[in-house]
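Below is one structure, written out as structure tokens, with a few remarks after it.
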Amino acid sequence: MVAEVLGSIKENLKTALISAKAEGKIDFVSIPEFVVEVPREKQHGDFATNAAMLLTKEAKLPPREIAKLIVQFFPADNQYVASLDIAGPGFINFKLNNSWLYQVVPEIISKRENYGTINLGKGMKVQVEFVSANPTGLLHMGNARGAALGDSIANLLKAAGYDVEKEFYINDAGNQIENFAKSLEARYLQLLGQDVPFPDEGYHGEDVIDTVKLFTDQFGDKYLNVDVELRREMLIKYALDEKLNAIKNVLKNFGIEYDVWFSEQSLHDSGAIQETIETLDERGYLYEQEGALWFKGTEFGEEKDEVVVRSNGVPTYFAADMAYHRNKFKRGFKWVINLWGADHHGHVSRMKGAVKAFGYDPDQLEVVIMQMVRLFQGGEVVRMSKRTGTYITLSELTEEVGKDAARYFFVMRSADSHLDFDMDLAKSQSQENPVYYVQYAHARISSILRQAAEAGLEVPSVEHVDLTLLNKPEEIELIRKLADLPEVIGGAAQALEPSRMARYAHELASQFHSFYTVCRVLGDEKSITEARLILVSATQTVLQNVLRLIGVNAPERM
RNA sequence: GCGCCCGUAGCUCAAUCGGAUAGAGUAUCUGACUACGAAUCAGGGGGUUGGAGGUUCGAAUCCUCCCGGGCGCGCCA
């Protein structure tokens with residue numbers, strides 16, 4: 001509905017300018033890309049445009065003069081616009097009549113869980129890859145942030161009409177896997193009473209010992225006196241499987257299901273890496289130096305070239321990553337989105353360089369960089385270190401804080417700001433905790449509808465109710481908020497910013513609470529009760545839709 | 001040293017393509033529960049947007065320099 005209103009205003013603004021030009025009042029070649037938006041200040045009307053100011057240079061007239069002309073020539077028959085005002089340096093403010101708002105409510109009631117979706121993506125194939133942690137340990141707070149953000153971004157893009165696939169890239173190859181194998185081996189031998197040193201660069205976490213215990217429960221000392229290679233192979237095979245399953249489970253408990261789990265090792269096995277290297281070589285982007293094979297990153301604006309095959313013949317992680325991204329584009333994704341931690345930001349431009357080398361548009365690859373998470377507990381920073389094993393895992397987070405609060409906290413902040421995660425606040429079941437504010441609004445609504453049902457009052461069907469009875473400021477404002485959802489989803493999807501949805505959820509809840517304080521739903525006048533029941537039901541739907549996008553539950557009681 | 005991100009109210013953060021008087025939450029102060037859930041609402045105070053220049057009708061936003069914090073800069077991933 002907002003889209004229709006905006007469209008009609010934009011159209012009429014253009015008509016006004018063209019009419020003014022035809023009358024010789026103003027001269028310009030083309031109409032600039034002006035915006036019609038909701039002003040920050042309510043007193044500036046329902047919508048405002050900067051069109052007049054943008055034309056200043058070209059028309060060689062002061063902005064307020066142009067604004068006067070626009071107002072003068074603005075078609076009088078626009079069904080939504082009640083009045084126009086010129087304000088400030090040359091803004092034109094529109095005041096609307098409320099007719100369009102009363103059309104929003106039935107729209108929500110009829111679309112229900114689909115209200116808010118828009119067809120921005122037109123079915124474009126998009127891939128969102130996130131978390132993609134090494135299967136050598138447990139997921140930590142950083143992974144958790146990536147999980148919450150990535151899943152919400154995927155949900156947003158789906159709601160905006162994209163054809164989305166969620167993918168987890170399993171880093172199950174390379175040096176860290178060998179390192180992991182050595183750690184497992186050391187723990188295994190230690191467990192069997194051997195006095196062997198633990199590798200310096202090994203994985204010190206307790207969970208590695210747990211994994212080896214499980215292995216030993218099953219196989220005992222079967223691999224004590226065998227070839228080192230075989231022992232490591234069996235250990236790593238078992239451990240990767242076990243770790244990956246653990247990761248899948250933890251993410252599932254966090255409300256996240258992937259479409260594809262993609263193994264790095266499979267790129268080695270299938271020859272995809274070799275093929276990628278050959279392709280780059282054929283195109284002349286590789287050269288040999290000091291026994292290694294290098295990618296000419298500098299030809300794509302990089303600071304330096306990168307090794308793709310080491311002098312020992314083993315391809316680097318970068319080689320695998322190139323093959324992986326080539327594979328993504330070969331699968332037909334038109335928009336490839338990666339969520340990376342800030343510690344990987346240095347890889348963005350070289351990955352884009354690689355994409356370009358394959359002949360794809362580097363802009364089709366979009367890397368969302370998220371900054372580090374700092375954990376606070378008892379007002380103090382908790383240092384997290386994988387080496388020493390002192391870190392909060394995602395499963396501990398889910399258990400202690402709960403999925404809803406945790407996901408809300410991660411999504412609440414934009415990805416590129418450092419996140420201070422306050423454990424105590426997230427855990428607290430008090431008014432300080434923002435997630436309850438939103439959920440409480442939903443619980444309140446559920447309670448009203450429950451009591452209405454008990455009293456034999458069902459939510460009536462819209463066509464039999466006079467919605468214009470909803471005319472108090474709190475009611476109008478609430479409907480207004482409900483009307484914004486599609487636009488908010490569109491903006492958040494394009495900007496890849498799920499934090500906007502958390503903010504919207506909070507604003508909507510706030511508007512509902514204000515309404516609730518002023519307007520009694522279950523009252524004496526039947527016609528008003530009916531209209532308000534519909535409004536409340538519509539609000540419930542919108543709250544549910546928004547919370548679903550960010551993976552937070554909408555409880556009926558709390 | 002070079003590159004990227006960040007610096008906004010006491011604290012945690014917004015501000016969508018450069019727009020109007022920089023907004024929320026929290027903390028603090030004042031007020032509201034004898035009908036739908038007070039995990040709520042209404043209101044007050046709180047700012048040189050790290051600093052200095054510049055660009056223009058207009059800058060938290062863009063440019064230059066400086067200060068402070070984080071993260072990178074490997075034949076690791």
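Both backbone and side-chain heavy atoms feed into the values below; hydrogens, waters and symmetry mates do not. In what follows, chains are A, B, ... by sequence order, proteins preceding strands, each numbered from 1.
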B/C75, B/G37, B/A77: which one has an atom nearest the side-chain heavy atoms of A/Asn175? B/A77

N or O in side chain of A/Gln289 less than 4.0 angstrom from B/C75 OP1/OP2: no

Classify A/Pro434 by what it touches in the nucleic acid, base, sugar-phosphate, or nothing, heavy-atom distance under 4.0 Å. nothing

Nucleotide of B/C36, B/G19, B/U40 approaching A/Tyr437 most closely (side-chain heavy atoms): B/U40

Have a look at A/His345 and say if it touches a base, only the backbone sugar-phosphate, or nothing, with a 4.0 Å heavy-atom cut-off. base

Counting only side-chain heavy atoms from C-beta out, which of B/A39, B/C71, B/U16 sits nearest to A/Arg500? B/U16

So what does A/Arg413 touch, heavy atoms closer than 4.0 Å: a base, only the sugar-phosphate, or nothing? base

If you go through the side-chain atoms of A/His506, does one of them form a donor-acceptor pair with the base of B/A24 closer than 3.5 Å? no

By nearest atom, which of the nucleotides B/A38, B/A20, B/A77 is closest to the A/Thr316 side chain? B/A77

Does the pair A/Arg532/A/Glu475 count as a salt bridge with the N-to-O cut at 4.0 Å? yes

Taking the minimum atom-to-atom distance to the side chain of A/Gln371, which one of B/A20, B/C5, B/C71 wins? B/C5

Give the nucleotide from the list B/C71, B/A77, B/G37 with an atom nearest to the side chain of A/Met372. B/C71

Looking only at B/G3, B/G19, B/C36, the nucleotide nearest the A/Val521 side chain is B/C36

Counting only side-chain heavy atoms from C-beta out, which of B/C17, B/C5, B/A20 sits nearest to A/His418? B/C5

Do the side-chain N or O atoms of A/Arg310 get closer than 4.0 angstrom to the phosphate oxygens (OP1, OP2) of B/C76? yes

Closest to the A/Arg503 side chain: B/A14, B/C5, B/G37? B/A14

Validation row, ring centre A/His506 to ring centre A/Tyr437 under 6.0 Å: yes

With A/Arg444 as the cation and A/Tyr516 as the aromatic partner, state whether NZ or CZ is under 6.0 Å from the six-membered ring centre and within 45° of the axis. yes

A/Ser414 near the nucleic acid: base, sugar-phosphate alone, or nothing, with a heavy-atom cut-off under 4.0 Å? sugar-phosphate

For a quick check of understanding: with a heavy-atom distance under 4.0 Å over all strands, which category does A/Ala87 fall into, base, sugar-phosphate or nothing? base

Looking at A/Phe318, is A/Arg350 sitting on its ring face, NZ or CZ under 6.0 Å from the six-membered ring centre and within 45 degrees of the normal? yes

Give one of base, sugar-phosphate or nothing for A/Asn50, where a contact means two heavy atoms less than 4.0 Å apart. base

Taking the chi torsion of B/C17, is it syn (within 90° of 0) or anti (everything else)? syn

For A/Arg532, which contact category applies under a 4.0 Å heavy-atom criterion: base, sugar-phosphate, or nothing? nothing

Is the phosphate of B/A14 approached by A/Ser499 (side-chain N or O, under 4.0 Å from OP1 or OP2)? no

Under 4.0 Å between any heavy atoms, over every strand shown, what does A/Ala443 touch: base, sugar-phosphate, or nothing? Just pick one. base

If you look at every strand shown and take non-hydrogen atoms under 4.0 Å, does A/Ser514 touch a base, only sugar-phosphate, or nothing? sugar-phosphate

Give a yes/no answer on whether the side chain of A/Tyr440 brings an N or O atom under 4.0 Å of OP1 or OP2 in B/A39. yes

Considering residues, nucleotides and ligands other than A/Gln289, do more than 12 of their heavy atoms fall under 6.0 Å from its CD? yes

